[in-house]
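Everything on this sheet refers to the single structure shown next.
Residues take their numbers from the sequence shown, with the count starting at 1.
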Amino acid sequence: MKHTPTIRAELDSYLQQKGLSLAQFGQLAGMNRGIISAIVSGNKSMSVNQLDRITEAMGLPEGEFYDLFIDNFIIDHPPNMRRIEPFLFRCAELDRLDAIRRVVGAIMDNLLYSPKLFEIAEGLLAKGRHAAALLLYEGVAETERYQHSERLAVCQYRIFTIKIGDDQSQNVRAAAVFEAFVERLDEIEQLDALKDLANVYRSLRKWDKVEEIAKLMRAKAEIQYNLKHEHKSRKHTECTDKLNRPLFVYISYADLLCAGVYEAQGDYHQALQYTYAYANLDWVKETDEDTQHWIGLFKHWSKANIIVNKLLSGDIEVLQDYIEYIDAVEDTNQEDKVIQLLNIMIAANRYNIDVSNIIKRFEADIVSLSQHSPSNMYTQQVVPDYFAWCGYELAHYYLHRNSYDDGFKHLMYSMVSYHTLNNETYFINCMGLFLHFREHATPEIKANFLNLIEKVWMNNVEKNGTVDRRG
């Protein structure tokens with residue numbers, strides 16, 4: 001039978017090697033002699049705080065004995081959540097995901113511990129320890145997979161939001177898994193979940209899914225809005241207060257999403273109908289400051305998008321209206337600036353418009369293309385795709401006008417962005433554009449292109465397990 005080492009034995013051996021008394025070591029560790037004696041003799045278990053003090057006093061790295069702690073005090077013992085909870089938080093601080101994984105594996109066979117593990121996961125998420133929280137949510141979700149509980153649905157929602165990242169192929173899988181759980185969430189929480197899900201599908205340009213989810217969100221939001229104003233109960237008001245945005249926003253945002261769907265499909269008449277819908281907010285009953293803020297945003301977006309839809313449909317004369325609108329708006333954020341430029345470039349390339357002077361207005365924003373920092377599900381998903389797309393449209397414009405240096409610069413940016421996003425379709429579009437103009441590329445640009453292609457190839461080799469047979 002294999003003997004499992006213990007922290008007590010390690011400590012006892014250390015004391016003998018260093019010739020330290022219990023009192024002397026206790027002074028080093030900031031603990032009294034009685035506690036050290038009880039730990040060494042086996043009459044007392046220890047907390048992670050005490051373990052950290054002992055480890056530091058022995059001159060060892062933080063977390064050195066965490067695996068032994070799990071062996072000695074968690075595995076094959078009835079779970080003591082008062083000991084386990086601070087241990088998990090400490091593991092998260094030290095990024096000891098391996099230790100967290102072992103603890104979850106050791107205690108999650110029993111459904112009784114799901115509520116507490118879920119609570120700990122929520123605490124870790126609140127502290128920004130996403131990777132650690134994910135392990136707990138996945139453990140709870142696996143244990144409760146046959147329970148059809150609301151907690152299972154919330155776990156899947158948390159897993160979805162944590163997993164969404166740069167890799168669009170992974171985002172497709174995460175969205176597909178979570179979509180099956182949306183209806184199990186609380187009716188109010190479903191609205192934020194559907195909004196997040198729609199934004200992910202929007203970034204993936206899966207327009208059929210965007211429309212389906214937007215219409216579902218609108219129907220659910222209308223029901224809740226009517227209930228709120230028909231019954232005017234305190235309980236219902238408290239429920240809707242949990243939302244990230246005023247309740248009416250989910251109705252209008254659904255119209256905005258549908259307008260985007262039809263715009264992407266080239267049905268500008270239908271896109272305009274939806275845009276007029278979210279521009280008209282006379283039906284909104286609330287008058288508070290937050291509501292007025294969102295009403296202002298929708299009016300701002302609708303005014304711009306009405307012009308954009310006319311421009312993209314071929315009404316070139318409204319381009320000057322769009323420029324005047326852009327100039328009139330103060331404090332436009334970086335994301336909006338890039339989207340405005342993207343709209344102009346799409347129209348310019350589609351209808352062969354010379355917009356060189358207009359591009360100069362956006363020079364600072366073009367420089368900042370690669371410097372955006374996502375802050376929520378929308379800016380994390382939709383905006384990076386717009387940035388990459390804008391780079392492609394700029395490249396298309398410059399290359400077709402013989403401005404090869406600028407064209408290849410923006411094309412390489414777009415290719416790198418689409419590789420990061422793992423968007424194979426648009427990466428291939430960039431490759432096609434490069435190959436079409438390759439004779440105009442400098443040796444340096446060609447070398448950068450080939451290096452990127454090789455990097456993509458090697459990443460795929462590593463990801464798919466394909467054998468690299470180079471000499």
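H269 and N309 are not linked by any side-chain donor-acceptor pair at a separation below 3.5 angstrom, with hydrogens and angles left out of the test. Checked by atom type, the side-chain pair Y274/N305 shows no donor-acceptor distance below 3.5 Å. A donor-acceptor contact under 3.5 angstrom links the side chains of H300 and Y325, judged on distance only. Counting only N and O atoms by type, the side chains of Y397 and D354 include a donor and acceptor under 3.5 Å apart. Between the side chains of E211 and Y262, at least one donor N or O lies within less than 3.5 Å of an accepting N or O. Looking only at atom types and distance, the side chain of N429 has no donor-acceptor partner in the side chain of Y392 under 3.5 Å away.
Using a 4.5 Å heavy-atom threshold, the side chains of F118 and V154 count as touching. Side-chain contact between L117 and Y137: absent, with no pair of heavy atoms (C-beta onward) separated by less than 4.5 Å. H419 has its side chain within reach of N459: a pair of non-hydrogen atoms, C-beta onward, lies under 4.5 Å apart. Inter-residue side-chain proximity for H229 and E286 is flagged as met; some heavy-atom pair is nearer than 4.5 Å. At a threshold of 4.5 Å between non-hydrogen side-chain atoms, the residues T425 and N423 count as touching. Considering only heavy atoms from C-beta on, S252 comes within 4.5 Å of W283 through its side chain. Between F160 and Q156, the closest side-chain pair of non-hydrogen atoms is not below 4.5 Å. Considering only heavy atoms from C-beta on, D315 stays 4.5 Å or farther from L311 through its side chain.
Between the Y250 side chain and the L191 main chain, no donor and acceptor come within less than 3.5 Å of each other. Proximity of a side-chain donor or acceptor of R350 to a complementary backbone N or O of L312 within less than 3.5 Å is detected. A distance-only check finds a donor-acceptor pair linking the side chain of Q170 to the backbone of K163 [under 3.5 Å]. Formation of a donor-acceptor pair under 3.5 Å by the S302 side chain with backbone atoms of T275 is not found in this model. R90 contributes no side-chain N or O that, together with a main-chain N or O of F87, makes up a donor-acceptor pair within less than 3.5 Å. Side-chain N or O atoms of S403 include none that pairs as donor or acceptor with a backbone N or O of D406 at under 3.5 Å. Of the possible polar contacts, none joining the D95 side chain to the C91 backbone as a donor-acceptor pair under 3.5 Å is found.
Dense packing is recorded around CZ of R145, with more than 12 heavy atoms of other residues, nucleotides or ligands lying under 6.0 Å away. At most 12 heavy atoms of other shown residues, nucleotides or ligands fall within 6.0 angstrom of atom CD in E424.
Residues F427 and Y418 place their aromatic rings such that the two centres sit no closer than 6.0 Å. Aromatic rings from F178 and Y157 are positioned such that their centres are separated by under 6.0 Å. F437 and H400 have their aromatic ring centers within a separation under 6.0 angstrom.
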Practice task
Starting from the C-alpha separation in whole Å, work towards a yes-or-no answer on side chain to side chain donor-acceptor pair (under 3.5 Å) for T291 and D288.
Solution key: CA-CA 5 Å; T291 295; D288 59 276; 2.8 Å; yes
Exercise for the section: Starting from the C-alpha separation in whole Å, work towards a yes-or-no answer on side chain to side chain donor-acceptor pair (under 3.5 Å) for N422 and S169. Expected result: CA-CA 6 Å; N422 199 12; S169 65; 2.6 Å; yes
Exercise for the section: Let me see the working for K455 and N451 under side-chain contact (heavy atoms from CB on, under 4.5 Å), right down to the final yes or no. Expected result: CA-CA 6 Å; K455 177 184 176 182; N451 287 337; over 6 Å; no
Practice task
Decide ring-ring contact (aromatic ring centres under 6.0 Å, His included) for F248 and Y225; before the verdict, give the C-alpha distance in whole Å, the side-chain angles of both, and the deciding distance to 0.1 Å.
Solution key: CA-CA 7 Å; F248 86 90; Y225 195 81; 7.4 Å; no
Exercise for the section: List the steps and the verdict of side-chain contact (heavy atoms from CB on, under 4.5 Å) for S114 and M108. Expected result: CA-CA 7 Å; S114 286; M108 284 311 298; 3.5 Å; yes
Exercise for the section: Please report the C-alpha distance between Y253 and F298 in whole Å, then the side-chain angles of each, then the deciding distance to 0.1 Å, and finally whether the ring-ring contact (aromatic ring centres under 6.0 Å, His included) criterion is met. Expected result: CA-CA 8 Å; Y253 190 62; F298 279 112; 7.2 Å; no
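Rounding to the nearest 0.5 Å gives a distance of 8.5 Å between CD1 of I326 and CD1 of I307. With rounding to the nearest 0.5 angstrom, the CG atom of N171 is 9.0 Å from the CZ atom of R173. Rounded to the nearest 0.5 angstrom, D192 CG and N244 CG are separated by 4.0 Å. Annotation: the span from Q340 atom CD to C390 atom SG amounts to 11.0 Å, rounded to 0.5 Å. With rounding to the nearest 0.5 angstrom, the CG atom of L411 is 6.5 Å from the CG atom of L399. Rounding to the nearest 0.5 Å places CG of L394 at 10.5 Å from CD1 of I344.
Cation-pi geometry between K209 and Y201 is met: the NZ or CZ atom falls under 6.0 Å from the ring centre, inside 45° of the normal. Cation-pi geometry between R205 and W389 is satisfied (NZ or CZ under 6.0 Å from the ring centre, within 45° of the ring normal). F362 carries K337 over the face of its six-membered ring, with the cationic atom under 6.0 Å from the centre and within 45° of the normal.
Contact check on K220 versus E183 returns a salt bridge, with a Lys/Arg side-chain nitrogen under 4.0 Å from an Asp/Glu carboxylate oxygen. Ionic pairing of K116 and E122 is not present here: no N-O contact between side-chain nitrogen and carboxylate oxygen is shorter than 4.0 angstrom. A salt bridge is defined here as a Lys NZ or Arg NE, NH1 or NH2 lying under 4.0 Å from an Asp or Glu carboxylate O, and K310 with E317 fails to meet this definition. D98 has a carboxylate O that lies under 4.0 Å from a charged side-chain N of R96, or vice versa, which qualifies the two as a salt bridge.
Between W294 and W301, the angle of the ring planes goes over 60°, which puts this pair in the perpendicular group of the 30/60° scheme. Using the six-membered ring where Trp is involved, F449 and F434 have ring planes that are parallel, under 30° apart on the 30 and 60° scheme. Taking the six-membered ring where the residue is Trp, Y398 and H410 present parallel rings, their angle staying beneath 30° rather than reaching 60°.
Considering all non-hydrogen atoms of both residues, A131 and L97 come closest at CB-CD1, 3.9 Å. Scanning both residues, R401 and I353, for their nearest heavy atoms gives NH2-O, 3.1 Å. Closest heavy-atom contact between V210 and R202: CG2-N, 3.4 Å. Shown here for V48 and Y66, the closest heavy-atom pair between the two residues is CG2-OH, 3.7 Å. For G139 against V104, the heavy-atom pair with the smallest separation is CA-CG1, 3.9 Å. Contact record, S203 with D385: O-CG, 3.7 Å, taken as the closest heavy-atom pair.
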